[in-house]
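Positions are given from 1 along the sequence. Both backbone and side-chain heavy atoms feed into the values below; hydrogens, waters and symmetry mates do not.
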Amino acid sequence: MNHSQELQWIDYLVMIIYFGFVLGIGFVLKRFMRTSSEFLTAGRSIPAWVAGLAFLSANLGAQEVIGMAASGAKYGIATSHFYWLGAIPAMVFVGIFMMPFYYGSKAHSVPDYLLLRFDKKTRSLNAMTFAVMTVMSSGISMYAMALLIQTLHIFDAPFQMLGLPNSWVFHVSIIVSAVIVLGYIVLGGLTSAIYNEVLQFFLIVAGFAPLVFLGLRNVGGWSGLKEKLPSSFVHAWSGMGSPHNNPLGVEWFSLVMGLGFVLSFGYWCTDFLVVQRAMAADSMSAARRTPLIAAVPKMLFPFLVILPGLIALALTQPAHSAGSGESSAPKSAEVANVHESLISPQVNVETGQVVKDKEGNPVLDYNTVIPQMLLHYFPSGMLGLGLTALLASFMSGMAGNVTAFNTVCTYDIYRAYIRKEASDEHYFGVAHFMTVFGVALSVGAAYFAAAFNNIMDILQLVFAFVNAPLFATFLLGMFWKRTTGHGAFFGLLSGITAAAVHQGLTIPEGSVPGIKGGWIAIVNTYSSEMAQNFWTAIFAWTTCFLVTIVISLATKPRPDNELKGLVYSLTEREREESLAWYQRPVLLGVVVLCLTLVLNIIFF
């Protein structure tokens, strides 16, 4: 099948029907959006199963669907660690231990909880860094969408008719996608976003399950995949004793500590983007079950989003490489010589030229794996469904980040420091303005993301700066009542600074000093960007943890009566005996962890 095929009318019809549903949900809910609380927090009225699927879908943005396939092609099945090690344990932890604080404290956001537990300056620091992170994540989704449109050549014919260069397609796609998402969020606020995320979840499954089936059949099933790829690409824990013996370029300690503990718990336990969905649930029990419900499909998603990357690599890789014993992906030049490559070389969006490394070989753009797979396998109609699934993931990620951004900016920045006393109608208007402002900033972030050939790498870097030190703050604040506001603030600031210093003094192999590190000096070179990101997170978390303890011991803590409902030892726990067995968070959590352990053993 020609990779530059044009979409047929049936493909556009599938997309139009989807957009009709999306906008229809927004229009139906728009009349219920009468207050800032209804617009920004959904009035805490969402059922557990809806909140659970939204909890998952808010994280299932284009960076996940496209980025995980990219990582699958770049790192192999070890990418599943982002799920089975880097998500499930943390999702169980937040459901069992942390949601009682978030939901029970009546906080409207994660920064608001920090205000209740610590003080204003800690809340402000987190609010500002979180706003930056959501803009970056939103921009990455926007970049992924523009990349998709460019790869599928959707606008090539109209641009040629208008006499415009094809290099403009990327830029126009950024603007068009921004306008679509803006209209989507303004209509129905958080409630609209949550119900659309549920729709998007089912659409993504429907769009990607056939792709995986067709790809596996083409490559000869799992056994055929194992024959065509190096051993380390089909075993999740292979070679973890040394960073040079596995595709991720990390050793087991940085994987378990950096990803499994710091980054994963930092994201799932403190990132308001996902926590906001659980906080919108209609009861404490529902809020605690929300992450646990989300964990069940989450553990199965590697088969939908990582396998396409492995399949593309197996179909692209020269036959002799699989048996060579090498643990790395095929070299750029090898791939460039394969006809109908499913992994395209990276192209500079400004010049349209192929990007080459210092040895003169084309740099692979792993982000194009999913679009190329769709074009390779899907006929008309099915191609429309697959493309719509990608659109759904893009909208899910964008909407999730922007709804979190407008809540934090409205409540925790504008109302806290710019205008403390105003009518709800005024804050309702500010929330809409913040939505527009957030989308505009995301456009700038999209161009920053274009500098990376794997959007998951930049995402982990952003999380290392923001979420990693924040998790240390939360861990101490929730479980050590001696933690003080001064300790939390300076610990958080020190952690962010430590991340910046570490990233500025280190660099991944094959990179030049700049946004990927080494901008201060080069004192250490990591075998991969992933390894650098994990260690950046470890340094950030450790620094914040230690500084917070030292300063807290030197400053005066708050009295116990002010910390009830905010600290674990001073909070009444929900009695699970009164709940049905399938509603008990601890039991559900144990079942989820056991199933995850089984998956790790199967793909060990």
Side-chain angles (χ1 to χ4, degrees), residues 59 86-87 90-91 93-94 97-99 101-102 105 107-137 257-276 278-279 291 401 404-405 407-409 412-413 459-480 483-503 533-549 551-552 566-568:
N59 174 252
M91 293 168 80
F93 184 84
V94 71
F97 293 105
M98 298 187 74
M99 280 317 301
F101 302 110
Y102 285 135
S105 67
H108 55 245
S109 67
V110 169
D112 191 39
Y113 172 82
L114 291 175
L115 171 66
L116 297 172
R117 174 62 183 88
F118 297 117
D119 52 26
K120 289 183 178 180
K121 62 180 182 293
T122 308
R123 187 263 302 269
S124 302
L125 179 59
N126 175 237
M128 288 185 285
T129 55
F130 176 76
V132 171
M133 187 181 73
T134 52
V135 164
M136 287 301 303
S137 297
M257 181 67 179
L259 175 63
F261 180 65
V262 177
L263 280 172
S264 67
F265 280 71
Y267 176 78
W268 293 102
C269 298
T270 69
D271 194 320
F272 183 52
L273 165 65
V274 290
V275 171
Q276 184 181 34
M279 290 172 72
N401 280 289
F405 175 88
T407 302
V408 167
C409 287
D412 299 301
I413 296 177
L459 208 57
Q460 296 307 314
L461 177 62
V462 173
F463 291 161
F465 270 76
V466 179
N467 290 38
L470 181 61
F471 177 56
T473 303
F474 267 89
L475 203 60
L476 289 169
M478 287 185 167
F479 298 100
W480 187 43
T483 313
T484 66
H486 293 309
F489 174 77
F490 288 106
L492 196 54
L493 192 61
S494 300
I496 296 170
T497 303
V501 171
H502 177 267
Q503 207 255 349
N533 292 339
F534 289 171
W535 277 105
T536 299
I538 292 171
F539 273 92
W541 183 88
T542 305
T543 301
C544 179
F545 192 79
L546 295 176
V547 170
T548 301
I549 291 175
I551 295 180
S552 291
L566 300 171
V567 178
Y568 189 79

Hey, does M133 have a side-chain heavy atom less than 4.5 Å from the side chain of N467? yes
Which is it for F465 and Q503 under the side chain to side chain contact (heavy atoms under 4.5 Å, CB included) test, yes or no, and what are the steps along the way? CA-CA 10 Å; F465 270 76; Q503 207 255 349; 4.2 Å; yes
Minimum heavy-atom separation for A499 and A464, please, with both atom names. CB-O, 4.1 Å
Nearest heavy-atom neighbours spanning F534 and L263: CD2-CD1, 3.6 Å
Given F97, F93, W541, the one that forms ring pair (Phe, Tyr, Trp, His ring centres under 6.0 Å) with F265: F93
Heavy-atom closest pair (V567 atom, G477 atom, distance to 0.1 Å) is CG2-O, 3.7 Å
Donor-acceptor contact below 3.5 Å, side chain T483 vs main chain L476: yes
Where do W268 and M91 land on the side chain to side chain contact (heavy atoms under 4.5 Å, CB included) test, with the steps shown first? CA-CA 6 Å; W268 293 102; M91 293 168 80; 3.7 Å; yes
If you measure only the distance, is there a donor-acceptor pair under 3.5 Å linking the side chains of D119 and T122? yes
Gap between atom NZ of K121 and atom NE2 of H486 - 0.5 Å precision: 4.5 Å
Tell me whether the centres of the aromatic rings in F489 and F118 are closer together than 6.0 Å. no
Atom pair CD1/CZ of I413 and R123 - distance to nearest 0.5 Å: 9.0 Å
Can you tell if the side chain of V466 reaches within under 4.5 Å of the side chain of I496, non-hydrogen atoms only? no
Is the shortest side-chain heavy-atom distance between F471 and V262 below 4.5 Å? no
Using the ring centroid of each side chain, check whether F474 and Y113 are separated by less than 6.0 Å. yes
With a 4.5 Å limit on heavy-atom distance, are the side chains of W535 and I538 in contact? yes
Check: L259 main-chain N/O paired with S264 side-chain donor or acceptor under 3.5 Å: yes
C269 to V275 - nearest heavy-atom pair and separation: O-CG2, 4.1 Å
For the CG atom of L546 and the CD1 atom of I551, what is their distance to the nearest 0.5 Å? 11.0 Å
Between the OG1 atom in T543 and the CG atom in L493, the distance rounded to the nearest 0.5 Å is 11.5 Å
Nearest-0.5 Å distance that lies between atom CZ in F490 and atom SG in C544: 12.5 Å
Non-hydrogen atoms of V110 and F272 that approach each other most closely: N-CD1, 3.6 Å
Give a yes or no on whether the backbone of T484 and the side-chain of S552 come within a donor-acceptor separation of less than 3.5 Å. yes
Apply side chain to side chain contact (heavy atoms under 4.5 Å, CB included) to residues L470 and L114 and explain how you reach the verdict. CA-CA 10 Å; L470 181 61; L114 291 175; 4.0 Å; yes
Side-chain heavy-atom pair H108, M279 within 4.5 angstrom cut-off: no
Side-chain (T129) to main-chain (N126) donor-acceptor, under 3.5 angstrom: yes
Heavy-atom pair of closest approach, residues F130 and D271: CE1-OD1, 3.1 Å
